[in-house]
Structure formats: C-alpha cells, structure tokens
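The next block holds one structure in the form of structure tokens; read it before the comments.
Since this is a predicted model, take the numbers as computed values, not measurements.
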Amino acid sequence: MDSYFSSRRHHELRATVREFAEREVRPRIAEMEASRTVHHELSRKIAEQGWLGATISQEYGGMGAGHLAKTIIIEELSRVSGAMGAMVQASQLGTAKIVHFGSDEQRKTWLPEIAAGACLPTIAVTEYESGGHVLGMEASAVRDGDDYVLNGQKVYVGNSHVGDLHGVVVRTGPGSKGLTAFLVEADRPGFRTGPQQPAMGLHGFSFGELIFENCRVPAANRLGDEGDGLAVAYSSSVLYGRANLTAVSLGIHQAILEETTRFASERIRYGKPLHDLPTVKLKLGQMQSRLMTARLAAYHAVHLLDQGLSCDTELMNAKLVNVESAIDSGRNAMEIHAAAGLYTDRAIERYLRDAHHIFAPAGTSDIQLLRLAEVALGQDKGSWSERLSELVRTRDLEPVHA
C-alpha cells in the first residue's frame with residue numbers, strides 16, 4: 001500500500017531501521033521499563049545513525065531524504081519502542097527550527113552536528129500556566145548589550161534531559177509580536193533541568209522541565225528577528241509536531257496489531273486458535289482497517305509536505321486519525337488479550353500506555369477537530385506549510401541573517 005508514495009530508497013531505509021530497532025532497541029526495553037527514566041546511551045546510539053538528519057540537506061551533512069523518510073524512521077523505531085520513536089521525533093522538532101529560521105552561521109554550526117548525531121536538539125514552548133495557549137507564556141528574555149537574559153520555565157519538553165541544544169520561545173514584548181526564539185546550549189550558566197518525573201509510558205524518553213535563571217545568551221543565538229517566536233512555535237507544532245507524532249502513533253499501532261494477531265494465533269480456545277472466534281476475528285478486522293486508513297492519511301500528508309504543497313489540513317487529520325485509531329485498536333487488543341493483557345510480561349499494555357502519550361502534544365483531538373471545523377466553515381487562518389515553502393524559496397535566493 002505504501003508503494004504509492006515510497007520508492008526503493010524508502011523500502012531500504014525501512015529495512016535498515018527495522019533491523020537496528022530489533023537488534024539494538026528491543027533488548028533494552030525491559031531495562032527502560034524498569035528504570036522509567038531517560039536512556040542516554042540508546043538515545044545517542046540512535047542519533048549516531050544519522051537519522052536526525054533526515055530533513056537536513058546534504059550540504060550540511062544530512063540525508064536530504066525528506067519528510068516521508070523521516071516518518072518511516074520514526075514509525076519503525078516506534079514499532080519496537082514508542083520511547084525511542086518519540087526521542088527522534090522530538091529531535092526533529094528541534095532540527096526544524098534551525099533549518100527554517102536559523103541564520104547561515106547557525107545552520108553551518110549546528111546542522112552538521114545534528115546530522116552526525118553529536119547534538120540532540122529540542123524545542124521548548126509550553127509552560128505550566130499557559131499550556132497550549134502559546135500567547136499566554138510568561139518566560140522572558142531582556143536585551144542587555146550583546147546578550148539576552150532569560151528567566152522562566154518550560155515544561156513537557158521532549159528530550160529535556162538528554163538534549164544538547166534547546167530551542168526556546170520566550171516573551172520579549174507584548175502581544176503576538178512579542179515572542180522570540182533562542183538557541184540555548186545545555187551547558188550554559190543559568191540553565192538547568194528540573195527533576196525527571198516518572199510517567200505512565202514512553203519509559204526511556206524524557207519530557208521534562210527546563211529552568212532559566214538569569215541565563216545569559218548571546219544575541220547571535222537568536223533565531224530570526226525579535227518577534228519571530230510565534231512563527232517558530234506554530235510552524236514547529238503544526239508542520240513537524242503533527243507529522244512526527246503521527247509517525248509515532250503509526251508505529252505503535254503496527255506493533256499493537258502484530259502482537260495481537262500473534263497472541264490470537266498462539267492462544268487455543270475450544271481446540272482452535274483464538275482468532276477463529278467470530279468476535280475476535282471482527283476485532284482484528286477493525287484493527288487492520290484502522291491501520292491501513294491511518295497509514296494512508298499519514299503518508300499522504302507528509303508526501304504533500306515533501307512536495308512543498310499546502311498540507312496543514314491533511315496533517316491535522318493525520319494526527320487525529322492516527323492517535324485515535326491507535327488508542328481504539330489498543331483497547332480492542334486488550335479486549336482480545338483479556339486478563340493476559342494486564343501482565344507486564346506481554347508488550348500490549350506498554351503499547352496502550354505509550355499510545356496515550358501521543359494524544360496531547362501538538363494539539364489534542366479536540367483541537368484538531370476544531371481546526372478542521374474552521375476549514376469546513378472557511379474560517380481557517382492561512383497555511384503554515386505554504387508560508388514555510390515560501391520561506392525556503394526566499395532563503396535560496398537571499399540568505400537570512402540573525
């Protein structure tokens with residue numbers, strides 16, 4: 001089915017990532033589940049494969065492979081470990097801000113490091129009080145000579161405790177034009193991470209708190225101009241966050257179906273495999289149908305993104321369909337497993353926990369539905385995908401300087 005969008009190169013990439021995930025990631029899952037904390041070694045090992053550079057051009061040492069390739073990488077890692085798929089997707093968010101908004105110097109400095117796996121980037125926007133309301137943020141930056149001084153906190157930051165370079169959006173003035181983005185190195189004085197808190201799922205991945213206390217950052221670390229922060233935040237969420245989280249959900253969904261069909265084939269009831277029961281077979285059919293539909297929605301959306309076409313609506317729908325489908329199939333899987341699914345010696349309960357972690361980031365399902373309703377009513381507020389495509393075309397002609 002995916003051959004409509006993918007090429008031989010994509011199929012080879014999938015095979016490479018799947019083999020790595022089975023060999024290097026799966027044996028470490030028990031350890032990650034037991035520790036419930038970030039796995040530094042495995043995160044670095046994955047980064048060293050060069051996959052964080054999927055959308056970085058070859059000019060900067062990246063793969064230059066595009067968004068479908070990035071989706072396949074995240075999907076295949078998530079099929080084995082949602083935590084490691086989430087690690088890559090969060091790094092891709094951090095990469096995107098430099099690709100689209102970084103100065104020439106910032107691109108030359110950081111993109112080769114990211115592509116080589118020597119730097120794990122993040123994006124930090126959310127705060128406790130404002131939540132998903134970006135304009136409600138209060139973390140601030142004040143200009144002081146050739147520096148800015150940052151104060152405040154960011155929460156639910158993917159790769160918080162393993163990241164090397166944090167892309168932080170803070171307030172430099174009032175209103176929507178008063179947000180500005182900065183690159184903050186993890187070893188910069190005045191910056192620290194909060195204690196890592198154990199979560200329901202995605203064990204091995206960190207999404208925690210960043211704290212800035214009179215953290216002095218050079219003006220050269222600013223992404224774009226003062227006032228560009230809203231564009232950095234929205235484009236990261238709308239285009240990359242939705243696409244990347246869709247890929248995580250897709251990989252988890254694939255794992256749910258594989259684990260459940262295996263269980264239904266091995267478990268014997270009334271002298272026959274469990275899947276011979278009509279009620280079980282119907283549930284398996286529903287899961288298969290959901291997965292096929294979800295994959296089509298995901299690949300279609302990122303295919304449009306690769307073509308530089310307007311795809312905000314398709315990305316909203318892809319995130320909605322994939323998240324809801326994975327959770328629904330997870331419930332069906334638990335119904336088929338019954339009491340056997342409650343024990344941690346089977347992966348199905350981990351898949352269900354991990355699937356729920358993808359619900360809120362980059363907009364809950366209600367947010368996606370509200371935005372899709374605006375599209376239906378002709379009330380949508382423009383296309384971020386078109387804006388970024390135009391930005392890329394402009395940058396090819398006129399370099400952007402910080």
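Taking each heavy atom of L150 and V184 in turn, the nearest pair found is CD2-CG2, 3.9 Å. The minimum heavy-atom distance linking L93 with S236 is given by the pair CD2-O, 3.3 Å.
Here E22 pairs with R26, R79 under the side-chain hydrogen bond (donor to acceptor under 3.5 Å, both in side chains) rule; sequence neighbours left out.
Residue-environment remark: CZ (R331) stays at or below the threshold of 12 foreign heavy atoms within 6.0 Å. The 12-atom threshold is not exceeded at OH of Y156, counting heavy atoms of other residues, nucleotides or ligands nearer than 6.0 Å.
Residues H166 and F191 place their aromatic rings such that the two centres sit under 6.0 Å apart.
Between F5 and H303, the angle of the ring planes lies from 30° to 60°, which puts this pair in the tilted group.
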Working for side-chain hydrogen bond (donor to acceptor under 3.5 Å, both in side chains), residues Y351 and E258: CA-CA 11 Å; Y351 298 146; E258 290 177 4; over 6 Å; no

Check the pair D312 / K381 against salt bridge (Lys or Arg N to Asp or Glu O under 4.0 Å), numbers first and verdict last. CA-CA 11 Å; D312 296 48; K381 302 174 178 64; over 6 Å; no

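Under a 4.0 Å N-O distance rule, the pair E31/R28 does not qualify as a salt bridge. Classification of R192 and E213 as a salt-bridged pair holds, one side-chain N sitting under 4.0 Å from a carboxylate O. Taking a cutoff of 4.0 Å between a charged side-chain nitrogen and a carboxylate oxygen, R353 and E33 qualify as a salt bridge. Using a 4.0 Å cut-off between charged side-chain N and carboxylate O, E12 and R8 make a salt bridge. A salt bridge is defined here as a Lys NZ or Arg NE, NH1 or NH2 lying under 4.0 Å from an Asp or Glu carboxylate O, and E127 with K154 meets this definition.
Two residues are said to be in side-chain contact when any heavy atoms from C-beta on lie closer than 4.5 Å; Q254 and R295 meet this criterion.
Side-chain contact annotation: E324 with S365, donor-acceptor N/O pair under 3.5 Å present. Between the side chains of E314 and N317, no donor-acceptor pair of N or O atoms lies under 3.5 Å.
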